[in-house]
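Before any comments, here is the structure.
The basis for the numbers below is simple: all heavy atoms, side chains too, and nothing from hydrogens, waters or symmetry mates. Whatever order the structure lists them in is the order used to number ligands and atoms, beginning at 1. As the structure is a computational prediction, the values presented were derived from the model and not from experiment.
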Amino acid sequence: MANRRPLLAGNWKMHKTIQEARDFAVGFQEKVQDVTDLDMVICAPFTALSVLKEELEESIIHIGAQNMYYQPKGAFTGEISPLMLLDLACTYVIIGHSERREYFKEDDELIARKVKAALDMSLTPILCVGENLALREGGKALGFVRGQVEKDLMELTPSELQKVVIAYEPIWAIGTGKTASARDAQEMCSAIRSTLAGIAGSVAQEIRILYGGSVKSGNIAELMVQPDIDGALVGGASLEVEEFAQLIQNAR
Ligand code: PEP
């Protein structure tokens, strides 16, 4: 099996003022300075990226955004471009989070363009996929998620695909306190990897797949031992220094 480096990503969503972001960065950095065996990234609101750049650019903690547009510049009022994210020292960007798909009507065509644009600018996209409760209960989750992966990544070359991170996030588990069982999460992540193998052959073994959905310090260990789970995308539990630092330690 390929040697995939684990990744723990925090998604702050629409939380934290600039001062709160600075306080977090200072405190968190202190707690995880010995963590060299996995990658850590904090995906912050656009308004907090500049302060994270000040505090974290020279640290082992990566900086990420939660969204971007696919054009480098132009008349796209209210949007942020990959170039602007590079300016803010971002190395990661979340694409296609289920909240963007649901509330902002992002479809697979738009998401595929964003993934490609991120790669073109050397940003690592964290592509989110996942089914809702009705699909899960109707036994259609596997087919639906495989379809998302294919539609969002089909145009990429194997060497581009290798740089993508995929986050499997069942929508019914996000922010609800309900986590998929480690077995169900593994089953889906394995199905995602076999879908990737269909697109890019053996490169699929090198692509990092994360699980997301109510991950906390108390349940990260059982997820991390699954063979196809290479880390987690963490919402609520990434907002507090103590909890996120503990989660990182428990993931090791
Ligand atoms: C998320 O924001 O992607 C997420 C998984 O949130 P939570 O961990 O709060 O469920």
Side-chain angles (χ1 to χ4, degrees), residues 6-16 20-21 24 28 38-49 52 61-68 90 92-104 106 111 114-115 118 124-133 135-136 141 144-145 148-149 152 164-182 184-186 188-189 192 208-224 226 228-251:
L7 171 64
L8 276 296
N11 173 17
W12 282 355
K13 310 194 188 200
M14 199 170 69
H15 292 288
K16 292 202 189 291
E20 287 166 348
F24 182 101
F28 184 65
L38 50 78
D39 289 335
M40 295 169 281
V41 55
I42 295 170
C43 299
F46 296 129
T47 48
L49 292 175
L52 291 194
I61 303 159
H62 295 271
I63 304 167
Q66 301 169 14
N67 181 33
M68 55 164 233
C90 288
Y92 287 80
V93 57
I94 297 173
I95 305 278
H97 191 280
S98 59
E99 288 150 16
R100 304 264 353 140
R101 292 179 191 255
E102 185 181 347
Y103 304 135
F104 305 98
E106 294 199 8
I111 289 164
K114 291 185 175 193
V115 170
T124 300
I126 302 177
L127 169 69
C128 299
V129 294
E131 80 285 358
N132 63 23
L133 193 56
L135 287 163
R136 166 66 52 176
F144 178 79
V145 171
Q148 283 185 317
V149 170
D152 297 346
V164 173
V165 174
I166 298 188
Y168 166 56
E169 299 207 309
I171 295 169
W172 48 270
I174 298 179
T176 58
K178 289 185 199 159
T179 322
S181 68
D184 286 348
Q186 161 57 25
M188 184 63 87
C189 291
I192 290 172
R208 291 186 288 183
I209 303 178
L210 315 181
Y211 169 77
S214 299
V215 177
K216 302 180 185 65
S217 58
N219 59 17
I220 184 69
E222 66 200 75
L223 292 161
M224 292 301 289
Q226 303 301 320
D228 286 292
I229 299 180
D230 306 312
L233 180 55
V234 182
S238 73
L239 290 170
E240 301 295 332
V241 168
E242 294 290 334
E243 169 62 5
F244 198 38
Q246 190 60 54
L247 189 154
I248 304 272
Q249 296 299 348
N250 293 356

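In this structure, Leu127 and Pro125 have side chains that are not in contact, with every pair of non-hydrogen atoms separated by 4.5 Å or more. Met188 is listed as a side-chain neighbour of Arg136, based on a closest heavy-atom distance under 4.5 Å. Within the 4.5 Å cutoff, the side chain of Tyr211 has no heavy atoms near those of the Met224 side chain.
Interface atoms of ligand 1 facing Ala173, defined by a heavy-atom separation under 4.0 Å, are 10 (O). The Ile174 neighbourhood of ligand 1 comprises atoms 4 (C), 6 (O), 10 (O), with distances under 4.0 Å to a heavy atom of that residue. Using a 4.0 Å cut-off to heavy atoms of Gly213, the atoms of ligand 1 that qualify are 5 (C), 10 (O). Shown in contact with Ser214 at under 4.0 Å from a heavy atom are these atoms of ligand 1, numbered in order with element: 7 (P), 8 (O), 10 (O).
Selection from Gly235, Gly130, Ser98 by nearest heavy atom to atom 7 (P) of ligand 1 gives Gly235. When Lys13, Gln66, His97, Glu169 are checked for heavy-atom proximity to atom 5 (C) of ligand 1, Glu169 turns out nearest.
Given atom 10 (O) of ligand 1, the protein heavy atom at minimum distance is Gly175 N, 2.6 Å. The shortest contact between atom 9 (O) of ligand 1 and any protein heavy atom is with Gly236 N, 2.9 Å.
Ring geometry, Phe24 versus Trp12: the interplanar angle exceeds 60°, so the pair is classed perpendicular (tilted spans 30 to 60°).
Of all the heavy atoms of Cys128, none lies under 4.0 Å from any atom of ligand 1, so neither backbone nor side chain is involved.
Where the criterion is an N or O separation shorter than 3.5 Å, residue side chain and backbone included, Asn11 meets it with respect to ligand 1.
Residues Gln148 and Val129 approach most closely at OE1-CB, 3.2 Å, considering heavy atoms.
With rounding to the nearest 0.5 angstrom, the CD atom of Gln249 is 10.5 Å from the CG atom of Leu8.
Contact analysis leaves Ala237 out of contact with ligand 1, as no non-hydrogen atom separation drops below 4.0 angstrom. Residue contacts with ligand 1 leave out Ala167, since none of its heavy atoms falls under 4.0 Å from the ligand.
With no hydrogens or angles considered, no side-chain donor-acceptor pair links Glu20 and His15 at under 3.5 Å.
Each of Asp39, Asp230, Thr124 was scored for a side-chain hydrogen bond (donor to acceptor under 3.5 Å, both in side chains) with Arg208, with one residue passing: Asp39.
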